[in-house]
Trainee: 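The structure under discussion is supplied below as structure tokens; questions concerning it will follow.
Reminder, nothing fancy here: chain letters follow the sequence lines and each chain counts from 1.
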Amino acid sequence: MEDMMKDRIEQLVDYIMKKCLWQFHSRSWDREKQNEGILTKTMQLLCDEPVDLGTPTDKVYWVDAVCLADAFKSRYSWLATMDKAEIKLLMRGLKDRMDYLTITGSLNAELTDPHY
Amino acid sequence: MPYHEFECSKCIPERKKHAVIKGPGEDLTSALPLGYLNTIPGSISERGCAYCGAKHVIGTPMKDVIHMSHGPVGCTYDTWQTKRYISDNDNFQLKYTYATDMKEKHIIFGAEKLLKQNIIEAFKAFPDNKRMTLYQTCASALIGDDINAVAQEVMEEMPEVDIFVCNSPGFGGPSQSGGHHKINIAWINQKVGNVEPQITSDYVINYVGEYNIQGDQEVMQDYFKRMGIQVLSTFTGNGSYDDLRSMHRAHLNVLECARSAEYICNELRVRYGTPRLDIDGFGFEPLSASLRKVGLFFGIEDRAQAIIDEETARWKPELDWYKERLKGKKVCLWPGGSKLWHWAHAIHEEMGVEVVSVYSKFGHQGDFEKGIARCEEGALAIDDPNELEGLEAMEMLKPDIIFTGKRPGEVAKKIRVPYLNAHAYHNGPWKGYEGWVRFARDIYNAIYSPLHQLAFVDISKDEIPTNAGFVTQKMLSDVNLSEEITSSDSLREYTGKYDIISQLRGKTYPQFPPAPQQLAVV
């Protein structure tokens, strides 16, 4: 079960790494916000929960989240077999993995540079 | 860490950390070269300087501006005239170049008087032009000329003119990327917020990080206008000085070329709350996703979808004709800049070519993260390669073609690797749906050129065949294709015109009703 979840997370990671750009903002703090904002909204869309569009920033996160949720649903048929609790678990795992690959485990030495 | 050591660089062991091969199962926590560091002493670099990054990459595509370099005339000439940042005002910025022509005596006695004289002379020589960008060079920076004070003095004497000062001398960073940073921040500090624009749409964007190579910007602007979006400014290809002073009024910054322009987007986000949306303009799928995202942001997704459907139906059969003939060809993707990641996945997926290597001369590690993430396993990523490393890589990888700048491109031709100019293009624009087909056509023409076949004949020892007739490109490309593909009714070669940009100028666009109220929660 754990292996299947891990495999599914890697499939989602592979899609994001190849097709998206939002995960690679140039500083750690920015990547943290991007990963949190977009992946949270993606999870809400996949679970049919309301999504806050209150600020322009919420809106750009939502835009990327809509595209991501649509791509996930159309490419990974196993998603339709999961209930909301499982999807939340999956998306939490995805967020942790993305944080590791782009922030905590990243070899990019500029991520914590106080200047641009 | 799967570092790759070049034989030719074994005497410079530090270079080993500047190249990696992406191995099986490896990700960005194990495969990432160093980047954007000072060039290692003893290692030749092909990088540009910070002045080049500020002026020639970012500043000069601004179209209605006198771009004055305060320094020796050579600084102005170098690297220009090879870029094809065209503009719709008769290419004013490509026709003229200006320098104060500093000499030895100015280094000794100072050149501020010379600078003021030149600024006034340039404005008088071009009376219709009231805008100027003033670039510091190494020579004038080292002697401490106060170009800000001179610019201020001229603006007080000539109130109708406006001057932007860019302090980015050649030594201002490890590479041209340092110049990108400096001009971005200088522009937002000095000029943004100084002009109030006329807003003509409910949907207003800045299109940032687009330099209008052979008309790329005009292709994208056409899509935005067809969606009813006002492009307030383009940073900086085909961009107007005063439009760029009003960037603070846009609702959204659409960013294409991080990292040369993300600085200004980030500052606009902090100072004015304008959100930043990163897009890809190359490739059918990435471009479609980009138009859809901009449409979604404004609630006009249907307008984006109409363009996507129309353009895809028109051009996909032509892209697929080339894809059938390019499948499996190996490419060294060495553009030096953002095309490292814009193209890495898109050309693999949509044209079938294998990206065997990527490089950047001035890219940050963030640039490599994007490029490596999008490459397949086995790709060699190199930061700031010198000529010998480039040659060694090509001899090892044996690419069918290389996409790069003219300097490494000419080197590649000498070892008989065809090259396409990734900076100034061959027959662009390459952006947009039709542009992507033009790119595929240029790749096809380069790989299957009958002329190129002759390059493999060594006239110093090989017999020159005289019994072979004329060979066409199709005879070379179609020889191993199935009958089903060669006689397909659904696939066809490029059918567009030679010039696809002129027709966009002066085109009329649809008027749309005002935007409905937006909901806060969906």
Trainee: Within the structure provided, determine whether B:H364 and A:S26 are in side-chain contact (heavy-atom separation under 4.5 Å).
Mentor: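 When only atoms from C-beta onward are counted, A:S26 and B:H364 do not touch, as no gap falls below 4.5 Å.
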Trainee: To the nearest 0.5 Å, how far apart are NZ in A:K19 and CZ in B:R374?
Mentor: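 These two atoms lie 8.5 Å from each other.
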Trainee: How would you list, by chain and number, every residue that makes a salt bridge (charged side-chain N to carboxylate O under 4.0 Å, His left out) with A:D99, sequence neighbours excluded?
Mentor: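 With sequence neighbours excluded, A:D99 shows a salt bridge (charged side-chain N to carboxylate O under 4.0 Å, His left out) to A:K95, given in chain and number order.
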Trainee: What part of A:Y100 gets closer than 4.5 Å to chain B, counting heavy atoms only: side chain, backbone, both or neither?
Mentor: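 Both parts, backbone and side chain.
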Trainee: Once rounded to the nearest 0.5 Å, what's the spacing between atom CG of A:L53 and atom CZ of B:F297?
Mentor: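 Taking CG in A:L53 and CZ in B:F297, the distance rounds to 10.0 Å.
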Trainee: Would you check if A:T104 and B:T29 make a side-chain contact, meaning some heavy-atom pair closer than 4.5 Å?
Mentor: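 With C-beta onward as the side chain, the pair stays apart.
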Trainee: Please classify the contact of A:D48 with chain B as side chain, backbone, both or neither, using a heavy-atom distance under 4.5 Å.
Mentor: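 Looking at A:D48, nothing touches chain B.
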Trainee: Looking at CG of B:L32 and CG of A:N108, how far apart are the two atoms once the value is rounded to the nearest 0.5 Å?
Mentor: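 Separation between the atoms: 6.5 Å.
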Trainee: Find the one option among A:T57, A:D64, A:V66 whose heavy-atom pairs under 4.5 Å with chain B are most numerous.
Mentor: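 Highest number of heavy-atom pairs under 4.5 Å: A:D64.
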Trainee: Rounded to the nearest 0.5 Å, how far apart are NE2 of B:H251 and NZ of A:K59?
Mentor: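 Rounded to the nearest 0.5 Å, the NE2-NZ separation comes to 9.5 Å.
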Trainee: Is there a side-chain contact (heavy atoms from CB on, under 4.5 Å) between B:R269 and A:D30? Walk through the geometry before answering.
Mentor: CA-CA 12 Å; B:R269 193 172 53 173; A:D30 215 353; 2.7 Å; yes
Trainee: Could you list the residues that satisfy ring pair (Phe, Tyr, Trp, His ring centres under 6.0 Å) with B:W187, not counting sequence neighbours?
Mentor: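 So B:W187 forms a ring pair (Phe, Tyr, Trp, His ring centres under 6.0 Å) with B:F164, B:Y241.
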Trainee: Pick whichever of B:R292, B:K293, B:E369 has the most heavy-atom pairs under 4.5 Å with chain A.
Mentor: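 Top count of heavy-atom pairs under 4.5 Å with chain A: B:E369.
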Trainee: Does any heavy atom of chain B fall under 4.5 Å from the side chain of A:D58, the backbone, both, or neither of them?
Mentor: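 Contact with chain B is absent: no heavy atom of A:D58 under 4.5 Å.
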Trainee: Given heavy-atom pairs under 4.5 angstrom as the criterion, report whether the side chain, backbone, both or neither of B:F368 touches chain A.
Mentor: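 Contact with chain A involves no heavy atom of B:F368 at all.
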Trainee: What residues form a salt bridge (charged side-chain N to carboxylate O under 4.0 Å, His left out) with B:E256, not counting sequence neighbours?
Mentor: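 With neighbours one apart ignored, the set is B:K431.
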Trainee: Does anything in residues 80-94 of chain A reach chain B? List residues with heavy atoms under 4.5 Å apart, or say none.
Mentor: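 When heavy atoms of chain B are the reference, residues 80-94 of chain A contributes no residue within the under-4.5 Å range.
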Trainee: Checking the side chain of B:Q365 only, and the main-chain atoms of A:A109 only, is there a donor and an acceptor separated by less than 3.5 Å?
Mentor: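 Side chain of B:Q365 to backbone of A:A109, a donor-acceptor pair under 3.5 Å: yes, one is there.
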Trainee: Which bit of B:I372 is near chain A, if near means a heavy-atom gap under 4.5 Å: side chain, backbone, both or neither?
Mentor: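 Neither part; nothing is under 4.5 Å.
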Trainee: Can you tell me how far CG of B:D278 sits from CD of A:Q23, rounded to the nearest 0.5 angstrom?
Mentor: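 Spacing of CD (A:Q23) from CG (B:D278) equals 9.5 Å.
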Trainee: At a 4.5 Å cut-off on heavy atoms, which part of B:R276 comes close to chain A: side chain, backbone, both, or neither?
Mentor: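 Interface part for B:R276: both.
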Trainee: Starting from the C-alpha separation in whole Å, work towards a yes-or-no answer on side-chain contact (heavy atoms from CB on, under 4.5 Å) for A:V63 and B:E301.
Mentor: CA-CA 11 Å; A:V63 162; B:E301 190 190 354; over 6 Å; no
Trainee: With rounding to the nearest 0.5 angstrom, report the CG to CD distance, B:D27 to A:E10.
Mentor: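 B:D27 CG to A:E10 CD: 8.0 Å, rounded to 0.5 Å.
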Trainee: Kindly give the heavy-atom pair with the smallest separation between B:G366 and A:R31, and that separation in Å.
Mentor: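 For B:G366 and A:R31, the tightest heavy-atom pair comes out as CA-NH2, 4.4 Å.
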Trainee: For B:K17, look at atom NZ and say whether over 12 heavy atoms of other residues, nucleotides or ligands are found less than 6.0 Å away.
Mentor: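 No, NZ of B:K17 has 12 or fewer neighbouring heavy atoms, counting only those of other groups under 6.0 Å.
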